[in-house]
**Student:** 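To start, I am sharing the structure in question, which I have written as structure tokens.
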Amino acid sequence: MLAIACDHAAVEFKQEIIAHLKKRGIACKDFGAFDAGSVDYPDYARPVAEGVASGAFEKGILICGTGIGMSIAANKVAGIRCALCSDTFSARATREHNDANVLALGARVLGIGLALDIVDIFVDTPFSNDERHIRRIDKIEGNCR
Ligand code: RB5
């Protein structure tokens with residue numbers, strides 16, 4: 001189960017992502033927003049980030065106009081490695097190298113076709129488990145070897 005949320009800039013965009021994942025047999029818990037009324041993106045980033053950090057959800061997806069605000073807010077939660085991706089190379093690399101557990105997308109930046117490709121790569125690509133990447137992630141978490 002994935003956790004997903006957006007702000008007012010990305011409600012339809014999020015619905016397309018949820019429908020795409022549903023067709024693939026992947027369920028999402030939708031934390032809102034549910035309409036175009038103006039909201040504050042940190043209020044939507046936090047429950048997704050906390051849900052992933054707690055282990056209730058394996059991964060999360062956050063969408064706002066640029067993806068920037070959502071990624072900044074999510075990365076304030078301990079244990080979250082949120083990657084803002086606008087290309088498929090970065091989506092693959094952030095799973096393999098950073099073990100990113102939340103994906104941020106910009107609905108005003110990306111077309112939905114590219115966004116769905118990025119989502120698929122984020123969902124499908126395993127962490128490399130390479131020792132050097134584990135060491136670097138440990139350092140992000142404050143565990144220096
Ligand atoms: C909302 O207008 C916009 O600021 C928000 O969606 C996002 O782009 C913030 O980073």
Side-chain angles (χ1 to χ4, degrees), residues 1-128 133-144:
M1 172 84 79
L2 296 184
I4 192 165
C6 66
D7 72 359
H8 52 278
V11 175
E12 285 178 24
F13 207 85
K14 180 188 65 182
Q15 292 310 330
E16 295 205 49
I17 291 171
I18 292 171
H20 173 78
L21 288 169
K22 190 175 175 190
K23 272 190 228 158
R24 293 196 44 191
I26 299 169
C28 293
K29 162 86 173 157
D30 186 354
F31 285 87
F34 298 108
D35 61 51
S38 183
V39 295
D40 299 334
Y41 56 80
D43 296 337
Y44 294 85
R46 182 160 289 277
V48 168
E50 289 181 344
V52 173
S54 74
F57 300 95
E58 187 195 343
K59 287 176 184 158
I61 298 175
L62 292 168
I63 317 144
C64 62
T66 59
I68 296 170
M70 284 291 201
S71 63
I72 293 170
N75 278 316
K76 294 291 183 187
V77 174
I80 291 304
R81 295 177 300 282
C82 178
L84 170 59
C85 293
S86 297
D87 65 274
T88 54
F89 179 87
S90 297
R92 184 172 293 103
T94 200
R95 286 292 310 128
E96 291 177 344
H97 294 204
N98 316 121
D99 198 14
N101 50 15
V102 177
L103 172 68
L105 298 169
R108 292 172 178 160
V109 179
L110 298 170
I112 189 65
L114 176 55
L116 295 180
D117 282 353
I118 291 170
V119 165
D120 282 341
I121 288 167
F122 175 72
V123 166
D124 294 338
T125 305
F127 177 51
S128 64
H133 294 312
I134 293 170
R135 182 182 66 244
R136 291 163 188 167
I137 291 167
D138 279 352
K139 288 186 178 184
I140 292 172
E141 304 297 340
N143 307 317
C144 296

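Heavy-atom basis, side chains included; hydrogens, waters and symmetry copies ignored. Indexing begins at 1, ligand by ligand and atom by atom, following the structure's order. Since we're looking at a predicted model, the values are computed, not measured.
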**Student:** At a 4.0 Å cut-off, with the gap strictly under it, does some heavy atom of Met70 reach an atom of ligand 1?
**Tutor:** no
**Student:** Other residues, nucleotides and ligands only: do more than 12 of their heavy atoms fall within 6.0 Å of CD on Glu141?
**Tutor:** yes
**Student:** Is the number of heavy atoms from other residues, nucleotides or ligands under 6.0 Å of Arg81 CZ greater than 12?
**Tutor:** yes
**Student:** Tell me the contacting part of Ala9 for ligand 1: side chain, backbone, both, or neither, using a 4.0 Å heavy-atom threshold, strictly below.
**Tutor:** side chain
**Student:** Does CD belonging to Glu58 count more than 12 external heavy atoms closer than 6.0 Å?
**Tutor:** no
**Student:** Specify the protein heavy atom at minimum distance from atom 7 (C) of ligand 1: its residue, its atom name, and the distance to 0.1 Å.
**Tutor:** Cys64 SG, 3.3 Å
**Student:** Using residues 17-27 as the side-chain source, report each donor-acceptor pair under 3.5 Å to any protein atom, sequence neighbours left out, with the distance given to one decimal.
**Tutor:**
{"residue": "His20", "atom": "NE2", "partner": "Asp120", "partner atom": "OD1", "Å": "2.8"}
{"residue": "His20", "atom": "NE2", "partner": "Asp120", "partner atom": "OD2", "Å": "3.1"}
{"residue": "Arg24", "atom": "NH1", "partner": "Asp120", "partner atom": "OD1", "Å": "2.8"}
{"residue": "Arg24", "atom": "NH1", "partner": "Asp124", "partner atom": "OD1", "Å": "3.4"}
{"residue": "Arg24", "atom": "NH1", "partner": "Asp124", "partner atom": "OD2", "Å": "3.2"}
{"residue": "Arg24", "atom": "NH2", "partner": "Asp124", "partner atom": "OD1", "Å": "2.7"}
{"residue": "Arg24", "atom": "NH2", "partner": "Asp124", "partner atom": "OD2", "Å": "3.4"}

**Student:** Could you check whether any side-chain heavy atom of Leu2 comes within less than 4.5 Å of a side-chain heavy atom of Val123, counting everything from C-beta outward?
**Tutor:** yes
**Student:** Is any N or O atom of Thr66, backbone or side chain, closer than 3.5 Å to an N or O atom of ligand 1?
**Tutor:** yes
**Student:** Pull out every atom of ligand 1 sitting under 4.0 Å from any heavy atom of His8, numbered as shown with elements.
**Tutor:** 1 (C), 2 (O)
**Student:** Identify, by atom number and element, the atoms of ligand 1 in contact range of Gly65, meaning under 4.0 Å from any of its heavy atoms.
**Tutor:** 5 (C), 6 (O), 7 (C), 8 (O)
**Student:** Distance below 4.0 Å between atom 4 (O) of ligand 1 and any protein heavy atom?
**Tutor:** no
**Student:** Relative to the heavy atoms of Gly69, which atoms of ligand 1 are at a distance of less than 4.0 Å?
**Tutor:** 9 (C), 10 (O)
**Student:** For atom 9 (C) of ligand 1, which protein heavy atom lies nearest, and how many Å away is it?
**Tutor:** Tyr41 CE2, 3.5 Å
**Student:** Would you verify whether the NZ or CZ of Lys29 falls within 45 degrees of the ring axis of Phe57 while also being under 6.0 Å from that six-membered ring's centre?
**Tutor:** no
**Student:** Considering only the protein, which heavy-atom contact is closest to atom 2 (O) of ligand 1, and what is its distance?
**Tutor:** Arg108 NH1, 3.4 Å
**Student:** When you measure from the centre of the six-membered ring of Phe31, is the NZ or CZ of Lys14 closer than 6.0 Å and no more than 45° off the axis?
**Tutor:** no
**Student:** Just let me know how Asp7 lines up against ligand 1, side chain, backbone, both or neither, with a heavy-atom cut-off below 4.0 Å.
**Tutor:** side chain
**Student:** Does any N or O in the side chain of Ser54 come within less than 3.5 Å of the main-chain N or O of Glu50, such that one atom is a donor and the other an acceptor?
**Tutor:** yes
